[in-house]
Structures are given as structure tokens and as C-alpha cells.
**Q** 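Can you read through this structure? Questions will come right after.
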Amino acid sequence: MTRPKSRDGATETNLIMYFPGLHSAFKELLLQCRGQKVAVVGHRRPDGDCIGAQVALVRVLQALNIEAFAVNESIIPKRVNFIAEGVPFYHGAPWVFSGEKVILVDCSDVSRVGPEMEKNLPEILGNIDHHRSNEGFATFDLVKAQSSATCEILAGLFIDCDFPVDELTAQALWAGIVTDTGNFTYPSTTGQVLQLAAYLVRMGASPSKIAQLIYERESLSRMKLLQRILDRMEVVAGGLLCYTWVEEDDFAETGATYEETEGFVNYGRSLDGVEVAAYFEIREGEVKGSLRSGDETFRMDMLAGNFGGGGHACAAGFTWKGSFSEFLPQFQEAAEKLLAETKGEGQEEEF
Ligand code: 5GP
Ligand code: MN
């Protein structure tokens, strides 16, 4: 099998397949896209991995002479807007599909595209994702729950299939992988992730330039909002659970936008002794939650499942209907139960 020549003249000498179980389905999926128009759809309130996957897949389809565009119910968060430059990327709800082949990326289930987008979704041809709770919903389900990011799966599949990865595609994939692995620090960071990351750098992704664009363009309003969530932090459950929240008025008062809250949940996780961090956004009649743990035995997806959500073992989320005062005691009880059970099983400790 040949490997693409990389920029520094090295060749991908590692002849293993990155995703042997998925690569023929991926080729077949793209074969069915030949001569068609393709819509690559991501989840509402997208993160770096979602946008990276949408951009990278559209770019590769275009490089294979397949007409493609990306569509998302929400706008692209500012921190990753640079990766979408030059890529046809549409927003709007409801979106009207007109006979395109549809591929969903980074969506654990169909509803993740958002209520307005979901109303008009036609039959789904492809489902490329890394969420444990993804049960499959497309003609071609390419789901690998152990993967760190949808962008990791795409990077591996592009290499396995010898598809062209240019500098901007490598940049999009890199942005997705760094944001979903916490800059290569989460337990999902395997040797394979680093091998693929090295490949992306050889294809032209610049780690320093991308880090500067993602992390060093913060607004003062985001910092003002951050002050509030730090100020409200509560540590409970014997020091194992940290939670904090923002209220609707905080956005108007600080000038920050919903898109600017990404990463806030990680401040709680960084506290010494905290195993589970929770961040809540209190909205009109609902609570949106983000959950994180540094240890995959704690199963954030199961905790989120109690409130109608899902996700990964270390990162999960949900939107729950009701008031925050009703929600909080139920959440605390469910979190304490999970912490006690997990601690009991894994480390034979009590708190
Ligand atoms: P975040 O906290 O960044 O919003 O989401 C963390 C993880 O949980 C993401 O991988 C995301 O896909 C998943 N997630 C967030 N919200 C929901 C939700 O409402 N339902 C499901 N099934 N997953 C969610
Ligand atoms: Mn992801």
C-alpha cells in the first residue's frame, strides 16, 4: 500500500491500517457520493472536533471531485472559525435539503443536529462518530467509541484510503484532535493519536499557529463571565464533585455569548481531589449541563443519561427541562450515588 508523500520528504512507512474495520465501508460510502451533492452535517452548538470533521470531510470530498458543503444549525464558534475559511459552510434553521446525500459527523444520535435541522433531515447515508452512546442510524455507520475524536477517525481513514490531505485539511483535523483531547492530555490520547498528529504536522498543520488562534483570541467579556463561574464554584460530596453555573442575565451583563463558554467546565476538573466537574447553564425552563471527569471509570455518559443526555465516559452533556432549584438536588444525589458506586467498585474506598 502506498502512503502519501509528506512535506518534509518522509513517507508514512507504518503500513498498519489505522481503522481496518471501517475503511472498506468508508470507501463504499464515498463511492455512493460520486456524482452526487453531499451535505456534511454536524451537531448543534458545535465544538472544535465537530467543525474540524465537517471541514476536513468537505475538503477531501471536494478534492475527490465530489460537490460538498457543510451545514450546522448553530454558527461556528469564534475560536475555530479560521479552519472553515474557504469551505462552503451554511447555517440556518430550518435547513431545506434538496436531494443531497447526507453524512452526519460527531453526532451520537440524530437529535444532536438540533430540533430545527432534525425536522427536515432526509435519509442519512453516513454516520462518522466516536461517542459510546452512538447506536447507529445510517446506511454506513462508522463509529469507533475508543477514538479520541471524530477527527482522529477521519485522519486515519484518509490515510488508510490514500485520500488527499492538504495543509488546510490537516489544520482542521489537528484543531479537532487538540480540542477533543485537551491538547493531548485526556486518557483518550493513545500512541495512535500521536502518530496521526505527527502525520498532520508533516502535511502542514502548525501546532503553534493553531494553538495561538484557538486559545489566544479570548474576549474580555468571556473573562468577565469566567470570573462569575469561578466565584460560584461549590465543592461537595467530600471534595469529589465541583459544580458551578451561569444564569441567563450573566450573558447580557458581561456581553459574552453562549459560544464563549467552551472549556469552562474544566476549571472544576482541575481542582485537587475533584473527580467530577459539572457546569450548568440555566435557561428559560431548562438546564444545560456539561460533565467532565479525568478518570473514565466515573462514566459521565451514565450520569448525563439520568437527565436525558449522553456522551463519553469522560465528557458528557444533557439538556434537562425544569428549573435549576428542582434540578440541583436531583443532580447532586445522582452524582453522589455514581461516585460512591464507582469508588466502591474500583478503589474500595468510601467517602
Ligand atoms: P459538552 O459538555 O461539551 O456540551 O458535551 C460533552 C460531550 O457530551 C460531547 O461529546 C457531546 O457530544 C455530548 N453531549 C452534550 N450534550 C448532549 C446531549 O444533550 N445529548 C447527548 N446524547 N450528548 C450530549
Ligand atoms: Mn468529538
Side-chain angles (χ1 to χ4, degrees), residues 40-57 72-74 77 79-80 83 104-115 117-118 127-137 142-155 172-182 186-189 193 229 243-246 258-269 276-281 283 286-294 296 298-321 327 331:
V40 179
V41 184
H43 58 81
R44 175 185 187 216
R45 292 174 57 103
D47 55 8
D49 185 35
C50 177
I51 301 295
Q54 289 189 267
V55 166
L57 186 54
N72 198 301
E73 191 172 293
S74 315
R79 58 170 47 192
V80 290
I83 63 176
L104 262 57
V105 293
D106 205 40
C107 293
S108 53
D109 61 64
V110 176
S111 72
R112 295 283 292 137
V113 299
M117 186 77 69
E118 190 183 1
N127 160 26
I128 306 174
D129 185 38
H130 68 130
H131 291 93
R132 202 194 270 252
S133 53
N134 192 316
E135 291 176 350
F137 47 76
L142 289 86
V143 179
K144 199 86 188 164
Q146 301 91 327
S147 296
S148 64
T150 300
C151 283
E152 176 194 344
I153 301 174
L154 284 177
L173 294 169
W174 177 274
I177 293 173
V178 293
T179 50
D180 254 25
T181 60
Y186 296 162
S188 56
T189 309
V193 173
I229 74 128
Y243 70 86
T244 186
W245 68 93
V246 294
Y258 282 113
E259 289 75 38
E260 290 182 301
T261 62
E262 198 182 330
F264 280 2
V265 65
N266 291 317
Y267 289 93
R269 207 173 66 83
V276 173
Y279 161 75
F280 307 119
E281 277 175 27
R283 313 256 185 87
E286 64 182 33
V287 178
K288 184 190 178 301
S290 281
L291 307 175
R292 296 291 186 276
S293 177
E296 54 201 359
F298 285 101
R299 297 297 303 268
M300 295 299 96
D301 55 327
M302 287 173 69
L303 183 54
N306 291 311
F307 302 94
H312 311 277
C314 289
F318 58 86
T319 301
W320 187 85
K321 298 269 175 229
F327 165 79
F331 174 77

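The structure presented is a predicted model; accordingly, all values stated were derived computationally and were not measured. Counting begins at 1 with the first residue of the sequence. First listed ligand is number 1; within each ligand, the first listed atom is number 1.
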**Q** Taking the side chain as every heavy atom from C-beta outward, state whether I153 and I128 have any pair of such atoms under 4.5 Å apart.
**A** yes

**Q** Show which atoms of ligand 1 fall inside a sub-4.0 Å distance from at least one heavy-atom site of H312.
**A** 10 (O)

**Q** So if I apply the side-chain contact (heavy atoms from CB on, under 4.5 Å) rule between M117 and each of R112, E73, H43, which one comes out positive?
**A**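 It is E73, the one option of R112, E73, H43 that forms the side-chain contact (heavy atoms from CB on, under 4.5 Å) with M117.
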
**Q** Closer than 4.0 Å to some heavy atom of S108 - which atoms of ligand 1 meet that?
**A** 22 (N)

**Q** Just how far is it from atom CZ of F331 to atom CZ of F307, taken to the nearest 0.5 Å?
**A**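 Between atom CZ of F331 and atom CZ of F307 there are 6.5 Å.
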
**Q** Could you find the nearest protein heavy atom to atom 19 (O) of ligand 1 and give me its residue, atom name and distance?
**A** F318 CA, 3.5 Å

**Q** Out of all atoms in ligand 1, which are within 4.0 Å of some heavy atom of K288? Include the element for each.
**A**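 Within the 4.0 Å cut-off of K288, ligand 1 contributes 4 (O).
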
**Q** Looking only at protein heavy atoms, which one is nearest to atom 3 (O) of ligand 1, and what is the separation?
**A**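 Among all protein heavy atoms, the one nearest atom 3 (O) of ligand 1 is R292 NH2, 2.9 Å.
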
**Q** Around the Mn ion (ligand 2), how many protein N, O or S atoms are there at under 2.8 Å?
**A**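 Total protein N/O/S atoms under 2.8 Å from the Mn ion (ligand 2): 4.
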
**Q** How are the rings of F318 and F327 set relative to one another: parallel (under 30°), tilted (30 to 60°) or perpendicular (over 60°)?
**A** tilted

**Q** Which bit of R45 is near ligand 1, meaning a heavy atom under 4.0 Å away: side chain, backbone, both or neither?
**A** neither

**Q** Once you restrict to heavy atoms under 4.0 Å, what part of R132 touches ligand 1? Side chain, backbone, both or neither.
**A**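 None of R132 does.
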
**Q** Quick one: look at S290 and ligand 1, take heavy-atom pairs under 4.0 Å, and tell me if it's side chain, backbone, both or neither.
**A** both

**Q** Can you list everything that forms a side-chain hydrogen bond (donor to acceptor under 3.5 Å, both in side chains) with W320? Sequence neighbours excluded, please.
**A** none

**Q** Just which atoms of ligand 1 are under 4.0 Å from any heavy atom in H131?
**A** 9 (C), 10 (O), 11 (C), 12 (O)

**Q** How far is atom 18 (C) of ligand 1 from the closest protein heavy atom, and which atom is that?
**A**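 Answer, as residue, atom name and distance: G317 O, 3.5 Å.
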
**Q** Decide yes or no for Y279 and V246: does some side-chain heavy atom of the first lie under 4.5 Å from some side-chain heavy atom of the second?
**A**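 SC-SC contact between Y279 and V246 confirmed.
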
**Q** Determine, for R45 against E281, whether the closest basic-nitrogen to carboxylate-oxygen distance falls under 4.0 angstrom.
**A**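 Judged by the 4.0 Å cut-off on N to carboxylate O distance, R45 and E281 do form a salt bridge.
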
**Q** What part of R112 sits under 4.0 Å from ligand 1 if we count only heavy atoms: the side chain, the backbone, both or neither?
**A** side chain

**Q** Please work out which of A315, G289, A304, G310 has its closest non-hydrogen atom nearest to atom 23 (N) of ligand 1.
**A** G310

**Q** Between CG of N134 and NE2 of H312, what distance do you get to the nearest 0.5 Å?
**A**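 The distance works out to 10.0 Å.
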
**Q** Quick check: closest heavy atoms across G136 and N127, and the distance to 0.1 Å?
**A** CA-ND2, 3.7 Å

**Q** Do V113 and L104 come close enough that some side-chain heavy atom pair is under 4.5 Å?
**A**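 SC-SC contact between V113 and L104 confirmed.
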
**Q** Answer yes or no: is there a side-chain heavy-atom contact under 4.5 Å between T150 and D180?
**A**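 T150 does not reach D180 side chain to side chain.
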
**Q** If you round to the nearest 0.5 Å, how far is OG of S188 from CD of Q146?
**A** 11.5 Å

